[in-house]
Amino acid sequence: WSANAQTVGEIARSAAQGVVVIETLDQRGTVISQGSGFAVTSSGAIVTNLHVLRGGASVRVRLANGDTYLTSDAVEVDELKDIAIIRIKGFGLHVVTLGDSELIDVGAEVIVISSPEGLTNTVSTGSISGVRKLDTHRVFQITAPISQGSSGGALFNARGEVIGIATYLLKSGQNINFAIIVTG
């Protein structure tokens, strides 16, 4: 941890309020998938993975305080990087702080806050084990455990700033997980 570092508990208490559960619904309102996301504006902009939203007619967002919002308003999508920004009609939301992913080195300690299997605000810790170049962008390889439903969750640095989006894991490996790099 660096001089400005927070403990895992401090980050969990302060930043977890900005992390949300996202449920994708079909046209009948039945949940077809579940993931995570995080608020980046107090007026309702939520970042998640695009694959969390695929195949749905609408999205239900559940805040850490239990409030829920229904939306179908996708503001921006990046198909290549698997990122989506949706908007809910909220205000005064707790938001995460975005950090600078360029300042992170391999070996840096990281924290993922997400909702694997719907378990709201699950905290896992690990490190950056590599920076991998895909055809169109880079991803962090991380040792912080993620599971089904963690997609869209926030990857925090030791200062409690979001530097990535939990996105996928390799089931054939042990603890080989990936996060899309967020540039601050």
Side-chain angles (χ1 to χ4, degrees), residues 7-40 44-72 74 77 81-86 88 90 93-96 109-129 132 139-157 160 162-182:
T7 67
V8 172
E10 288 169 335
I11 293 169
R13 281 188 296 281
S14 63
Q17 295 303 306
V19 179
V20 303
V21 176
I22 296 177
E23 296 172 319
T24 303
L25 311 174
D26 65 14
Q27 291 179 335
R28 294 184 311 271
T30 303
V31 176
I32 58 173
S33 68
Q34 179 266 311
S36 304
F38 50 91
V40 292
I46 309 287
V47 174
T48 189
N49 288 124
L50 182 58
H51 77 261
V52 170
L53 309 177
R54 290 238 190 257
S58 62
V59 174
R60 184 169 46 219
V61 175
R62 187 174 63 234
L63 305 181
N65 68 7
D67 291 352
T68 59
Y69 296 85
L70 193 63
T71 187
S72 57
V77 297
K81 291 184 180 176
D82 188 27
I83 299 172
I85 300 173
I86 58 175
I88 61 174
L93 302 181
H94 290 277
V95 299
V96 299
E109 298 294 321
V110 292
I111 300 156
V112 174
I113 302 178
S114 63
S115 299
E117 303 295 339
L119 300 168
T120 305
N121 283 339
T122 297
V123 176
S124 63
T125 61
S127 62
I128 301 287
S129 52
R132 306 294 174 213
V139 294
F140 286 131
Q141 180 183 336
I142 59 174
T143 62
I146 60 175
S147 299
Q148 182 79 23
S150 292
S151 291
L155 176 71
F156 293 92
N157 64 19
V162 173
I163 56 165
I165 305 165
T167 190
Y168 67 96
L169 56 99
L170 293 181
K171 289 183 180 182
S172 61
Q174 290 185 342
N175 208 15
I176 302 174
N177 310 298
F178 296 89
I180 298 167
I181 295 175
V182 175

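Keep in mind that the numbers below use all heavy atoms, side chains included, and drop hydrogens, waters and symmetry copies.
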When every non-hydrogen atom of Ile146 is compared with those of Thr167, the smallest separation belongs to CD1-N, 4.4 Å
Residues pairing under salt bridge (charged side-chain N to carboxylate O under 4.0 Å, His left out) where one sits in residues 27-37, two or more places apart or in two chains, turn out to be Asp26-Arg28
Query - Validation row: Ile165, Leu155 side chains within 4.5 angstrom (heavy atoms) - result: no
message = Donor-acceptor pair, distance only, cut-off 3.5 Å: does the side chain of Ser124 make one with the backbone of Pro145?
response = yes
Looking only at atom types and distance, does a side-chain atom of Asn49 sit under 3.5 Å from a main-chain N or O of Asp82, one as donor and one as acceptor?
yes
If you apply the rule side chain to side chain contact (heavy atoms under 4.5 Å, CB included), what do you find for Arg60 with Leu25, and how did you get there? CA-CA 7 Å; Arg60 184 169 46 219; Leu25 311 174; 3.8 Å; yes
Here the gap from Ile85 atom CD1 to Leu50 atom CG, rounded to the nearest 0.5 Å, amounts to 11.5 Å
Test side chain to side chain contact (heavy atoms under 4.5 Å, CB included), reference Val59, set Ile88, Thr71, Thr48, output is Thr71
Checklist entry - Under the 3.5 angstrom rule, does the side chain of Ser36 hit a backbone N or O of Gly152 as a donor-acceptor pair? => result no
Minimal heavy-atom distance between Val19 and Ala154, with the atoms involved, is CG2-CB, 4.4 Å
* To do: Say whether, by atom type as modelled, one donor and one acceptor occur between the side chain of Gln17 and the main chain of Ser14 under 3.5 angstrom.
  => no
Using modelled atom types only, decide if a donor and an acceptor are shared between the side chain of Ser129 and the backbone of Gln141 within a distance under 3.5 Å.
-> yes
Heavy-atom closest pair (Gly153 atom, Ser114 atom, distance to 0.1 Å) is CA-CB, 3.8 Å
Side chains of Ile86 and Val61: closer than 4.5 Å at any heavy-atom pair? yes
Check your understanding: Do Phe38 and Ile113 touch side chain to side chain, with heavy atoms closer than 4.5 Å?
Key -> no
For this session: For the residue pair Leu93 and Leu63, establish whether any side-chain heavy-atom pair is separated by less than 4.5 Å.
Result: yes
CD1 of Ile46 to CD1 of Ile22, rounded to nearest 0.5 Å, is 7.0 Å
What one should report as the nearest heavy-atom pair of Val123 and Ala12 is CG2-CB, 3.8 Å
Closest non-hydrogen contact found for Arg62 with Glu23 is NH1-OE2, 4.0 Å
Contact between Ile111 and Ile11 at the side-chain level, heavy atoms closer than 4.5 Å - yes or no? yes
I'd like to check Phe156 versus Val112 (side-chain heavy atoms, cut-off strictly below 4.5 Å). Are they in contact?
no
Chi angles and distances behind the side chain to side chain contact (heavy atoms under 4.5 Å, CB included) call for Ile128, Ile142 = CA-CA 5 Å; Ile128 301 287; Ile142 59 174; 3.9 Å; yes
| message | With heavy-atom distances below 4.5 Å as the criterion, would you say the side chains of Gln148 and Pro116 are in contact? | response | no
(Q) Does any part of the side chain of Thr125, heavy atoms only, come nearer than 4.5 Å to the side chain of Val110, both counted from C-beta? (A) no
For Thr143 and Gly126 the tightest heavy-atom approach is OG1-CA, 3.3 Å
